[in-house]
Amino acid sequence: MLQSLIDRVAAGEAVGASVEELTAFGAGLVRVNAKVRQTIAVLICEGKRFFADPGEWVWWIDENFAPNDHSDRCHLVDIGNLLTGLRNRGTCDMLQCYRAIFPLDCHKQLSLCKIARRRGLDEVPAFLSHTPGYAKMKRDAFRAAVAAWLEEEPKERPEQPSLPGFDDALDTFSRLDSGALREAVCDPQKAAHSLRAGIGLLGAALAYELNQDAPDTGTLQMTRAALLAEAYKIEQRLAEFGELE
């Protein structure tokens with residue numbers, strides 16, 4: 001019924017319902033929408049077993065689930081790995097934890113992914129049981145609770161005296177979706193400038209992650225798969241001009 005309603009509204013049809021029916025429709029849509037992203041995350045990780053080539057899996061994700069960018073794709077994979085990992089343990093405690101985490105917003109789920117990476121999946125239900133009221137916590141309070149659980153030192157935003165405006169610029173670009181960026185890079189000069197800047201940022205981000213005592217292996221795996229997929233596109237294009245060595 002909800003799908004039919006969405007199709008009718010999208011087509012420009014009048015709903016023609018009572019206020020009680022409109023309320024019920026709206027509440028139903030809100031409930032469904034609150035579970036869409038994590039459901040997609042689980043589907044993505046369920047689909048991985050069908051792809052021997054990580055690059056093909058990344059292509060399948062991008063074509064069928066439309067993540068905003070590489071970062072969004074990594075977040076979906078991280079959340080999917082967390083949820084399927086809990087579910088696949090097959091114990092009552094882990095399944096109960098899965099059901100508790102599933103309706104949380106994605107920012108809380110990503111914070112829990114950090115616990116799973118650093119301490120193991122068993123630490124996630126332990127954290128929740130020792131954190132009363134976690135479901136209603138604000139994002140920053142929840143992150144602080146996770147940091148305290150992991151015994152991390154509070155992080156202050158570092159000064160960038162040699163790169164004034166870097167943090168603000170990075171925040172701006174991280175909020176842009178890939179479609180907007182493709183439209184903005186519209187001539188050879190912008191393409192060359194963007195390529196130089198992008199390679200520099202990528203190199204710096206990889207250097208940071210690779211030098212960590214406990215690197216984010218999920219992010220590294222997704223980055224590797226994405227780079228291999230892009231390298232394949234470059235090879236195909238070079239081959240068209242006989243430039244592939």
Side-chain angles (χ1 to χ4, degrees), residues 1-48 60-89 92-116 121 124-125 127-147 149 171-172 174-181 218 222:
M1 180 180 291
L2 288 177
Q3 185 59 56
S4 174
L5 173 67
I6 293 170
D7 292 340
R8 286 163 51 203
V9 172
E13 298 180 19
V15 177
S18 68
V19 67
E20 292 79 12
E21 290 171 326
L22 292 175
T23 301
F25 287 150
L29 289 170
V30 169
R31 286 194 300 271
V32 169
N33 185 61
K35 299 177 181 178
V36 167
R37 185 173 176 81
Q38 49 270 60
T39 301
I40 289 173
V42 170
L43 295 178
I44 284 172
C45 290
E46 292 278 12
K48 185 178 181 180
W60 176 74
I61 294 171
D62 290 348
E63 286 294 309
N64 294 282
F65 300 100
N68 293 325
D69 49 30
H70 168 74
S71 178
D72 189 38
R73 188 198 309 126
C74 288
H75 289 167
L76 287 169
V77 171
D78 284 344
I79 291 169
N81 283 333
L82 173 68
L83 291 171
T84 56
L86 291 167
R87 184 202 63 194
N88 293 344
R89 284 290 182 90
C92 291
D93 287 347
M94 287 299 195
L95 186 56
Q96 184 178 0
C97 183
Y98 172 96
R99 291 170 177 164
I101 290 172
F102 193 87
L104 297 179
D105 69 61
C106 66
H107 301 290
K108 291 181 179 178
Q109 291 170 344
L110 288 170
S111 293
L112 294 173
C113 290
K114 191 175 182 181
I115 294 177
L121 206 57
V124 175
F127 168 78
L128 294 182
S129 66
H130 287 81
T131 310
Y134 65 85
K136 295 184 178 180
M137 279 184 174
K138 298 295 185 182
R139 182 194 309 181
D140 290 343
F142 192 87
R143 286 177 174 172
V146 169
W149 183 266
D171 287 343
T172 298
S174 66
R175 289 193 294 267
L176 298 176
D177 62 48
S178 57
L181 288 172
M222 288 299 298

Test side chain to side chain contact (heavy atoms under 4.5 Å, CB included) on D105 and F142 and set out the steps. CA-CA 11 Å; D105 69 61; F142 192 87; over 6 Å; no
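Between Q109 and F102 the shortest heavy-atom distance is NE2-O, 3.1 Å. When all heavy atoms of M94 and P125 are compared, the closest pair comes out as SD-CG, 4.0 Å. When all heavy atoms of W60 and I44 are compared, the pair lying nearest together is CZ3-O, 3.8 Å. P132 approaches M137 most closely through the heavy-atom pair O-CE, 4.2 Å.
Taking a 6.0 Å sphere around CD of E46, one finds it holds more than 12 heavy atoms contributed by other residues, nucleotides or ligands. Within a 6.0 Å radius of CZ in R99, no more than 12 heavy atoms belonging to other residues, nucleotides or ligands are found.
With values rounded to the nearest 0.5 angstrom, L5 atom CG is found 8.5 Å from L22 atom CG. To the nearest 0.5 angstrom, Q96 atom CD is 11.0 Å from I101 atom CD1. Atoms CZ and NZ, from F127 and K114 in turn, are 11.5 Å apart once rounded to the nearest 0.5 Å. Note that CG of L112 is 6.5 Å distant from CG of L104, once rounded to the nearest 0.5 Å. Taking CG of N88 as the reference point, atom CG of L83 lies at 10.5 Å (rounded to 0.5 Å). Separation of atoms CD (Q3) and CZ (R8) is listed at 12.0 Å; rounding is to 0.5 Å.
The side-chain heavy atoms of T131 and V146, taken from C-beta on, include no pair separated by under 4.5 Å. At least one side-chain heavy atom of R139 sits under 4.5 Å from a side-chain heavy atom of R143. The side-chain heavy atoms of L121 and L82, taken from C-beta on, include a pair separated by under 4.5 Å.
Distance alone, capped at 3.5 Å, places no donor-acceptor pair between the K48 side chain and the V77 backbone. Of the possible donor and acceptor atoms, none in the side chain of N33 sits under 3.5 Å from a partner among the backbone N and O of L29.
Sorted by first then second residue, the side chain to side chain donor-acceptor pair (under 3.5 Å) pairs that include residues 72-84, not counting sequence neighbours, are R37-D72, D62-R73, H70-R73.
Note on ring orientation: taking the six-membered ring where Trp is involved, the planes of W149 and H130 are tilted (angle from 30° to 60°).
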